[in-house]
Amino acid sequence: MAQLPSAAVDFARFLAGLTARLDRRSGWLAVFLERDPDGMGACLAGSELPPWDVVDALLQDLAADQGAAAARTEAATARALHAAATAAHDGGPGAAAALARRLDVMLRERRYTAERLQELTAHRATATTEEAAAALDVDLAWAEDDHRRATARCAELRARADALAAPATPAPPPAAPERPTSQVKPRKRPRGGARFAGIAEEAAEPPGPTPVAPAPAAAVRGARFAGVAEPAGEPAPPRPGPEEARAAGGAVARLHALRAQGRGGEAHVLLAELAGWPAPRLPLLAAELHRAGLEADWATLLWEVATLPPAGLVAAADALAAAGRGADARQLLRQGVARPAPEIADALHLLTGDGRDRQARALAGAYLAVRSPEDAAGVARSDPDRLVPLLLDAARGVSEERHWDLVHAFRVAGVLA
């Protein structure tokens with residue numbers, strides 16, 4: 001531990017002291033030790049940093065064992081030490097690339113948990129005995145917990161990555177409560193599940209895959225797509241008609257009923273279905289969700305839309321911006337470009353090959369607004385003749401400074417003479 005940053009050592013000591021006060025045979029601590037003993041050991045040693053949702057769960061254990069007052073006192077210390085340790089971990093060489101890889105792992109984990117929820121919900125609907133239904137209810141509860149944690153960890157990693165991309169802008173805190181909000185002990189997990197801390201090997205595939213509050217990225221300018229200027233005469237997205245409005249209202253009414261009945265798994269399945277609807281319906285869904293007081297579901301829906309193929313992603317952002325929801329459009333694109341460089345390069349190839357130049361510029365501009373010039377050089381490397389001009393043109397729509405940073409990165413990477 002002598003070679004670790006002092007802030008990482010301080011947090012590891014705090015975490016060790018906290019876990020020493022807890023019963024290792026029950027509560028969330030027992031769950032974490034059972035599911036990922038190596039990950040927990042790395043966090044106690046200070047070589048890995050647990051996501052905030054893990055720390056918060058341990059504070060819930062403390063509240064259950066020693067009372068809410070004790071937990072509130074420790075929560076303030078925990079948050080300060082966790083923030084300092086996060087800054088120390090992210091201040092080292094290669095931190096931005098490591099965060100990007102880890103975010104990619106967690107995004108896949110989040111998609112897997114969403115698919116698992118959908119599968120279990122379908123099985124629960126066809127359960128023929130009380131025993132089978134009860135077992136599926138337990139599995140659904142754990143699947144929902146996995147999905148909530150994966151979503152929170154994606155938000156935390158995205159905020160950390162954004163803070164590195166724009167160091168002068170303070171990053172928001174993770175998708176988590178300031179203090180324990182529940183003293184309910186977790187039920188024993190029957191089987192399977194993700195690693196507790198989201199610190200799986202970056203190169204490994206996961207066993208399968210809170211609203212994001214990304215830090216503001218570099219200042220942008222221009223028209224619809226996060227500062228990407230559009231060619232003159234480009235047609236606007238089609239306006240939704242009465243049929244789309246009725247469909248959106250009906251879908252949100254069904255979602256509201258599911259939430260009221262506590263049927264969270266089915267609600268998520270519905271949100272995943274809505275993400276695949278035609279893009280012009282998305283602004284209508286946003287308005288209906290906010291009107292119904294379901295703002296958290298709107299944030300979840302944006303996450304789901306962000307996982308669409310690039311053409312669908314850009315069409316959705318286009319529809320949001322055309323409806324006056326520019327902030328949502330920019331957030332959607334920022335979330336959607338949290339993909340490896342080869343995947344972005346493939347998407348740009350597909351869009352330009354199909355003659356969808358405006359969508360290609362939109363995707364490139366969103367990528368350049370939140371990712372480093374070095375990341376963009378990795379995108380361009382697969383086809384410099386086609387992608388270098390596209391990315392440089394999109395960079396001008398972000399800012400003149402970003403354009404010259406990109407020129408420099410391209411020259412260093414050898415993709416521009």
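A donor and an acceptor atom, one from each side chain of Glu144 and His268, are nowhere located under 3.5 Å apart. Arg160 and Thr86 are not linked by any side-chain donor-acceptor pair at a separation below 3.5 angstrom, with hydrogens and angles left out of the test.
Under a 4.0 Å N-O distance rule, the pair Glu304/Arg110 qualifies as a salt bridge. Taking the charged nitrogens against the carboxylate oxygens, Arg246 and Glu243 have no contact shorter than 4.0 Å, which rules out a salt bridge.
By the 4.5 Å heavy-atom criterion applied to side chains, His349 and Leu387 are counted as neighbours. Using a 4.5 Å heavy-atom threshold, the side chains of Arg386 and Thr352 count as touching. In this structure, the side chains of Val55 and Phe11 come closer than 4.5 Å at one or more pairs of heavy atoms. Considering only heavy atoms from C-beta on, Trp298 stays 4.5 Å or farther from Val252 through its side chain. Taking the side chain as every heavy atom from C-beta outward, Asp65 and Leu22 approach each other to under 4.5 Å. The shortest distance between side-chain heavy atoms of His147 and Glu115 does not fall below 4.5 Å.
Between the CG atom in Leu282 and the CG atom in Leu332 there is a gap of 7.5 Å [rounded to 0.5 Å]. Interatomic distance, CZ of Phe14 versus CG of Leu44, reported as 12.0 Å (0.5 Å rounding). Separating the CG atom in Leu302 from the CG atom in Leu320 is a distance of 6.5 Å, to the nearest 0.5 Å. The line from OG1 of Thr19 to CG of Leu33 is 8.0 Å long, rounded to the nearest 0.5 Å. Leu289 CG to Leu271 CG: the interatomic distance, rounded to the nearest 0.5 Å, is 7.5 Å. The CG atom of Asp297 lies 4.5 Å from the CG atom of Leu255; values are rounded to the nearest 0.5 Å.
Using modelled atom types, one side-chain atom of His290 and one backbone atom of Ala286 make a donor-acceptor pair closer than 3.5 Å. The backbone N or O of Pro50 sits less than 3.5 Å from a side-chain atom of His82, completing a donor-acceptor pair. The closest donor-acceptor contact from the side chain of Asp61 to the backbone of Leu29 lies under 3.5 Å.
A cation-pi geometry, defined here as NZ or CZ lying under 6.0 Å from the six-membered ring centre and within 45° of its normal, holds between Arg149 and Trp28.
Across Ala71 and Ala63, no two heavy atoms sit closer than the pair CB-CB, 3.7 Å. For the pair Arg24 and Ala30, the tightest heavy-atom approach, listed with the atom from each and the gap, is O-CB, 3.4 Å. Nearest heavy-atom pair across Ser382 and Ala345 is OG-CB, 3.5 Å. Across Ala376 and Leu368, no two heavy atoms sit closer than the pair CB-CD2, 3.6 Å. Between Ala306 and Leu313 the shortest heavy-atom distance is CA-CD1, 3.9 Å. When all heavy atoms of Leu274 and Ala251 are compared, the closest pair comes out as CD2-CB, 3.7 Å.
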Residue pair Arg153, Glu156: steps toward the salt bridge (Lys or Arg N to Asp or Glu O under 4.0 Å) verdict = CA-CA 5 Å; Arg153 292 167 193 181; Glu156 186 174 349; over 6 Å; no
side-chain contact (heavy atoms from CB on, under 4.5 Å) between Asp318 and Arg358, worked out | CA-CA 10 Å; Asp318 195 359; Arg358 177 172 61 83; 2.9 Å; yes
Take Arg291 and Glu288 through the test salt bridge (Lys or Arg N to Asp or Glu O under 4.0 Å) and record every step on the way to the result.
-> CA-CA 5 Å; Arg291 189 176 297 118; Glu288 292 291 341; 3.0 Å; yes
Could you walk me through whether Leu103 and Val105 pass side-chain contact (heavy atoms from CB on, under 4.5 Å), step by step?
-> CA-CA 5 Å; Leu103 178 58; Val105 170; over 6 Å; no
Check against side-chain contact (heavy atoms from CB on, under 4.5 Å), Val398 and Tyr367 = CA-CA 10 Å; Val398 177; Tyr367 188 83; over 6 Å; no
Leu18/Leu62 under side-chain contact (heavy atoms from CB on, under 4.5 Å): CA gap, chis, key distance, verdict = CA-CA 8 Å; Leu18 175 61; Leu62 185 65; 3.9 Å; yes
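Counted within 6.0 Å of CD on Gln261, heavy atoms from surrounding residues, nucleotides or ligands total more than 12; the atom is thus considered enclosed. With a 6.0 Å radius and a threshold of 12 heavy atoms from other residues, nucleotides or ligands, His256 has its NE2 atom at or below the threshold.
Annotation: side-chain contact (heavy atoms from CB on, under 4.5 Å) contacts of Asp346 (sequence neighbours excluded): none. Listed by chain and number, the residues in a side-chain hydrogen bond (donor to acceptor under 3.5 Å, both in side chains) with Arg21 are Gln66, Glu74 (sequence neighbours excluded). Glu273 meets the side-chain hydrogen bond (donor to acceptor under 3.5 Å, both in side chains) test with no other residue; sequence neighbours excluded.
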